[in-house]
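Each chain gets a letter, A, B and so on, in the order its sequence line appears, and its residues count up from 1.
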Protein chains: 2
Amino acid sequence: MLDHVVANAKRPSARVGQGSSLLAVAGEARVHPSTVSRILRDDPAVRVRPATRQRVIAAAAALGYVPNANARGLALRRTTTLGLIIPSTANIVYEQIIKGAESAARAAGYVLVLAESADVGQVDSAHRELILGGRVDGLLIASGTLRESLPRAVLNGVNNTIILNRRIRGSVPSIIEDDERGMARGVEHLVALGHTRIACLAGPEEVDTATRRLSGFKEALRAAGLPVSRGYIQRASFDEAGGYEAMLRLLQLERRPTAVAASSIVAAIGALAACHATGVSVPGELSMIAFHDATIAQYLTPSLSTIWMPLFELGEMATRQLLEVIDGRDIPSVQRLQDPEPRVIPRASTAPPPAD
Amino acid sequence: MLDHVVANAKRPSARVGQGSSLLAVAGEARVHPSTVSRILRDDPAVRVRPATRQRVIAAAAALGYVPNANARGLALRRTTTLGLIIPSTANIVYEQIIKGAESAARAAGYVLVLAESADVGQVDSAHRELILGGRVDGLLIASGTLRESLPRAVLNGVNNTIILNRRIRGSVPSIIEDDERGMARGVEHLVALGHTRIACLAGPEEVDTATRRLSGFKEALRAAGLPVSRGYIQRASFDEAGGYEAMLRLLQLERRPTAVAASSIVAAIGALAACHATGVSVPGELSMIAFHDATIAQYLTPSLSTIWMPLFELGEMATRQLLEVIDGRDIPSVQRLQDPEPRVIPRASTAPPPAD
DNA sequence: TTCCGTTGGACAAGCGCTTGATCATCGGCC
DNA sequence: GGCCGATGATCAAGCGCTTGTCCAACGGAA
C-alpha cells in the first residue's frame, strides 16, 4: 500500500532548488503523506500515537522539509503572505513603517514582502499581480503619488487592501497618522520659543498628508492668535530639491519669517542647505523644525528639531487591520492613529527668534 | 462535453480576493481551459483559428483574468519571481542596487520581491522560506552582516543564490564592485589636491567590502609614495554613530590628518557632524571624501565629495547572473563589476590642505 | 466468544494550471 | 469514393498539499 511512498523515498529529491516533499518525509517516517501534513500542521482533529508523531517530526527535520508554498497556497487558497507597496525604498520615512508592518506580520505568522512601485500604474499592476494572482493574502499600499485615483481592481471591490496615510474616496479602508496634531505640536514649539513670523514648507497640493499638515499648521497659528500670511506658505515637493527651492523663495520675501515648519524631513534637509548656501544662520536668524524624525536629524548641522510620529505603530496597526479584513471582519473606513502622540524632539535648529 | 465549464461560467467568481479562473475564461470563450492556457501563454505548439484566439483574448480581458501564481508555480515548478534580501531598507546605499535589480528582473519578465533580514539567522530562515518553499526561483542576498558564514541550506548546494558584494567561501557565486579601485580614486583625488596626511575611516574588520576598500586605500597611498600611518586607520561601523566616534578619535591624534577618506557615506555623515561638534572646519582644516554617492551628499554642509560606484549596474548584473544560474548555466564564482568605472564626484568637502 | 466503541491511521478528491497525447473533422489527392 | 495529412481543438494526468471520509485493528464489556 505504501510502496509508492517507499519507492519515492529511495530517490531522495531529484529536483534542485526546492526542498524535499511531504512524500519524502512520509516515506522516511513510513506513514501516509496526509498524516505528515496533519502532524506538522498540528491539526487538532488528528489522533496519532506519540511514537509516530516523533518519527514524523524527526523525519521532517532530518530531511529539512519545508512545505511548498505554491501547493499549500493552492490547496488553502491563502498564502500567509502580506505585501507592502512603497514608492521608493530610498525615503527614510518608510523605514519605520516597514519595520512596524514586518513586526506585526511576523507576530501573526505572516511573511511580509515589499514591492517598489513609483506611480499609480505600477501600483495597479503590482496590485493585480499580487492580490489577483494569489501571491499575497492582503496588501498595504503606502504610495505617495497615490492621489484620489486608485487601481481599478481595488475599486472594483477586490479588497484585502489597506491604504496607508492617504484618505481615498471609495471603499478602501485607510489608516492615517494624526498629521494635524503633529504639525500643531511643531508650531506650538516655535511659538513657545517666541516666534511670531512662522512659515510653512507645505507639501504638494494633491497629496493628502500635505493637506492635513498644512491645516494643522494654520489651526495652530490661529490658536496662538497669529496671522496666516499668504507668502509664508510655500509648496515644496517632498524631497531635498523641493525644500531647497521653496526655502529660497521664503528667503526672498521682504519680510522674512523667523521660523519654518517643514512638512517633510527630506524637504527640510534641502531647506537647511538653502540657508547655508545663502548665508542664513540656523537657528541664529531662522529656526527650523521638520515633520517626521529620522536618524540623520541629529547628524545634520545644526542638528534638526523634528516632530516624531508613531510610524512604526502606524505600520503595525495597518497590518493588524489588514489581517482583520482578511479574516472577514469589518473595519472602519478611515482610522486615525492617536495613541502614541506626536512629540517634538527639540534639537539645535530651533531657538528663540533674533532680538531684531 | 463542456457543460461543466458552462455551468461554472454561470457562477462568476464566488471567491473574493482572487481573480477569475481559467475555467471561467474558457466558459466565456466556449473552449477548453487548456486552449485558453495555450493561447494566453503563446504556446508555439498550439494551432488555433484566429477567430478563436480573438474570442479567448477578449474573454480574458473582459473577465480581468490574472493567472493564479500558486497553481502556475505548482505546475511549472517555477514562479518567475526573484527575491532580494537586504539588511535594512533604511540604508541609502541599497537604493540603487534595488532599482537595478528591479529593472533587470522586470526586463526578463520576472517579479522582484524584497525581504528585510537583519542578521544571518533571519537570512537563513528567509532563504529557506523563499527558495525551499518555492516562493522564488532565485535569491539575491545583499546582507551586510553576512560574513564568512552562510545559511546551511545555501551551503548544502541548494543554490540559485547570488551574494552581492561579499566574497564567501564555498560555492555560492558573488558579484562585487571594484572597491579597491573606487577607494584608490578617492585617495588620488585627495593626493592631487596636495594632501599628504590622509586618514581612512575603515569599516568593520569582518566585513569584506570594508577590507577591500581599506586595501585600496593602502595601495593608493603607497602608489603615491605616502606612508600608511597606523593611527590614521580607524575602524568605524557603517552608520552615523560609527563615523562620528571614529572621527573624534582621529581628531584627538597629536598630528591630525588633513584629509579623510570614509568607507561609507553614512559614516561620513557622522564624521562631518563630529567635525562641526568640535569646531573643525571642513574643508578648511580637513577634507573629506566618502565612498558611495547619494542624493543627500549635495545637501550636506559642506556638500560632500563622494566616490560614485555603479550600484544600479551591480544590481542589474547580479540579477542577470542569477537568471543565468536559474537557467542552468554556470557562472564564475566571483565576478567583479568593472564597466562603469568608479568616479569621484568632487564637491565642497574636499579642498587643498591648510597652508600650515 | 462476540460485539462494539475507540484509536490510529490510510484513502482520495480537489485546489488552478500546464502539457504530452489524443481525436474529430475536413479538404485534397489518386 | 476511400485514404491521408493537416488543422483545431479536447483529454487527462500531474504538480505538492489539505481535509472530509473511511477502515482496520484492538481492547474491553457482555
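Residue A:H32 contributes atom NE2, which lies 12 Å from atom C1' of D:dC17 at whole-angstrom precision. Distance A:D43 CG to C:dG8 P: 15 Å, rounded to the nearest Å. Residue B:D42 contributes atom CG, which lies 15 Å from atom C1' of C:dT18 at whole-angstrom precision. Between the CZ atom of B:R49 and the P atom of D:dT10 there is a distance of 10 Å, rounded to whole Å. C:dG16 atom P lies 14 Å from atom CG of A:L132, rounded to whole Å. One interatomic measurement links the two molecules: CZ of A:R78 to P of C:dC15, which rounds to 18 Å at whole-angstrom precision. To the nearest angstrom, P of D:dG16 lies 17 Å from CZ of B:R135. Distance B:N70 CG to D:dC15 P: 17 Å, rounded to the nearest Å.
Looking only at distances, a side-chain donor or acceptor of B:S174 sits under 3.5 Å from a matching main-chain atom of B:R166. Remark: the backbone N or O of B:T80 is paired with a side-chain donor or acceptor of B:D137 at under 3.5 angstrom. Under the 3.5 Å distance criterion, the side-chain polar atoms of B:N68 are matched with a main-chain donor or acceptor of B:N70.
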*List the steps, then state whether side chain to side chain contact (heavy atoms under 4.5 Å, CB included) holds for B:I162 with B:I331.*
CA-CA 10 Å; B:I162 292 218; B:I331 64 164; 3.7 Å; yes
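Closest approach to the A:R77 side chain among D:dC11, C:dG16, D:dC17 is made by C:dG16 (side chain taken as heavy atoms from C-beta onward). Closest to the side chain of B:T52, out of D:dC11, C:dG16, D:dA9, is D:dA9. Residue A:L22 places its side chain closer to D:dC17 than to any other of D:dG8, D:dC17, D:dT10. When each of C:dA12, C:dC15, C:dC17 is scored by its nearest atom to the side-chain atoms of B:R72, the top-ranked nucleotide is C:dC17. Among D:dG16, D:dA9, C:dA10, the nucleotide with an atom closest to any side-chain atom of A:N68 is D:dG16.
Residue order along DNA chain D, read from the 5' end via each residue's closest nucleotide, puts B:V46 first among A:A71 and B:V46.
Backbone-only contact: B:L76 has heavy atoms under 4.0 Å from sugar-phosphate atoms and none from a base.
Contact annotation: B:T35 side-chain N/O to D:dT10 OP1/OP2 distance is under 4.0 Å. The side chain of A:R38 places no N or O atom within less than 4.0 Å of a non-bridging phosphate oxygen (OP1 or OP2) of D:dT19. Between B:S37 and C:dC17 there is no side-chain N or O to OP1 or OP2 distance below 4.0 Å. Using a 4.0 Å cut-off, some side-chain N or O of A:R41 falls inside it from OP1 or OP2 of D:dT18. In this model, the phosphate group of D:dG8 is not approached by any side-chain N or O of B:R53 to a distance below 4.0 Å at OP1 or OP2. Distances shorter than 4.0 Å separate none of the side-chain N or O atoms of A:R47 from OP1 or OP2 on C:dT6. Taking side-chain N and O atoms only, A:Y65 has a distance below 4.0 Å to OP1 or OP2 of D:dC17.
No N or O donor and acceptor, one from the side chain of B:S21 and one from the base of C:dC17, sit under 3.5 Å apart. Judged by distance alone with a 3.5 Å cut-off, a donor-acceptor contact links the side chain of B:S34 to the base of D:dC11.
B:Q54 contributes atom CD, which lies 13.5 Å from atom CZ of B:R49 (distance to the nearest 0.5 angstrom). Annotation: the span from A:I175 atom CD1 to A:E316 atom CD amounts to 10.5 Å, rounded to 0.5 Å.
Secondary structure note: stems in DNA chain C built from 3 or more consecutive Watson-Crick or G-U wobble pairs under 3.5 Å occupy C:1-30 with D:1-30.
Put simply, the side chain of B:Y110 reaches to within 4.5 Å of the side chain of B:L323, judged on heavy atoms. With a 4.5 Å cut-off on side-chain heavy atoms, B:R53 and B:V56 do not count as touching.
Scored by the side-chain hydrogen bond (donor to acceptor under 3.5 Å, both in side chains) test, A:S37 finds no partners at all (sequence neighbours excluded).
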